[in-house]
Amino acid sequence: MKICYFIQTLQNPHQIYRLVRTIKRAIPDAIILINHNFNRCDLGLTPLQDLSDIHLLPNQEYLIRGDFYCQVQPYLNAVNWLFENNSDFDWLINLTGQDSPTQPLSETENFLANTDCDGFISYWDIFADPIPWNRDKGFKRYYCIYWRMPGKSSYLFLKNFQQLSIVKKINDLAEILSDLWATGRDTVPLNSI
């Protein structure tokens, strides 16, 4: 049985390299496809050149969060790439660059080899108790409406806007505050802001 790991990434190349090496150490014959959002940072495969069957997929130009072309289209492109390249695989596992294995990959491989199912998907009611996310995150993910000007102009504006240092600091602060709210803590180390 052969598994293809499709990893959608956007930041922290060292973490991405660590994830790829972890997978290849556990399952050396795994296929790894990486779809990287170069709007956030560069990613080269030179640090992974000693490993086989790792592919950096060509990226479409417009990758903006909340858009079909940011989440779903890269997955469909990966499936298409696998078929166009006559890749031999039994399972396709979709990951992000921030994922880490929670159990030995040999257990995952054994589970997939012995299941009668053709696929798996995880879902939950965002208003049920308990849920894996905090309520605010669930509400934002499913009830947020994204507005965007059509065409390349909105992409170029957002790409440049995201690179402003003040925007990066605000995003970092928003993430810290969201974590505080989710954990119920009322303090945060100043060096994390």
In terms of the angle between their ring planes, are F120 and F111 parallel, tilted or perpendicular, with boundaries placed at 30° and 60°? tilted

Under a 4.5 Å side-chain heavy-atom rule over Ile, Leu, Val, Met, Phe, Trp and Tyr, are L10 and L57 clustered together? no

Are I16 and I32 connected in the hydrophobic side-chain network, where two residues link if heavy atoms are under 4.5 Å apart? yes

Measure the shortest side-chain to side-chain distance between L92 and Y75 over non-hydrogen atoms and say whether it is less than 4.5 angstrom. yes

Non-hydrogen atoms of Q15 and Q98 that approach each other most closely: NE2-CA, 3.3 Å

Any side-chain heavy atom of W81 sitting closer than 4.5 Å to one from L33? yes

Side-chain touch I34/V20, heavy atoms, less than 4.5 angstrom: yes

Take L19 and I23 through the side chain to side chain contact (heavy atoms under 4.5 Å, CB included) test and state the conclusion after the steps. CA-CA 6 Å; L19 174 60; I23 293 169; 4.1 Å; yes

Nearest heavy-atom neighbours spanning L112 and W91: O-NE1, 3.4 Å

Do D99 and T96 pass the side chain to side chain contact (heavy atoms under 4.5 Å, CB included) test, and can you show the C-alpha distance, the side-chain angles, and the key distance before you say yes or no? CA-CA 5 Å; D99 288 330; T96 72; 3.4 Å; yes

For the atom pair CD (E84) and CG (N77), what is the distance rounded to the nearest 0.5 Å? 9.5 Å

Value rounded to 0.5 Å, distance of CG in D90 from CE in M1: 6.5 Å

Is there side-chain contact between T9 and N35, with at least one heavy-atom pair below 4.5 Å? no

Would you call L95 and Q8 a side-chain contact if the rule is heavy atoms closer than 4.5 Å? no

Is there a donor-acceptor contact under 3.5 Å from the side chain of H36 to the main chain of C41? yes

Sequence neighbours excluded and cut-off under 3.5 Å, please list the side-chain donor-acceptor pairs for residues 42-54, or say none.
unit_1, atom_1, unit_2, atom_2, d
D50, OD1, R21, NH2, 2.8
D50, OD2, R21, NH1, 3.3
D53, OD1, H55, NE2, 2.9

Reference residue Y5; test side chain to side chain contact (heavy atoms under 4.5 Å, CB included); the match among I27, I31, N94: I27

Less than 3.5 Å apart, which donor and acceptor atoms pair up between the side chains of residues 101-110 and the rest of the protein, not counting sequence neighbours?
unit_1, atom_1, unit_2, atom_2, d
Q103, NE2, T108, OG1, 2.9
N110, OD1, N114, ND2, 2.9

Any donor-acceptor pair under 3.5 Å linking the side chain of S87 with the backbone of F89? no

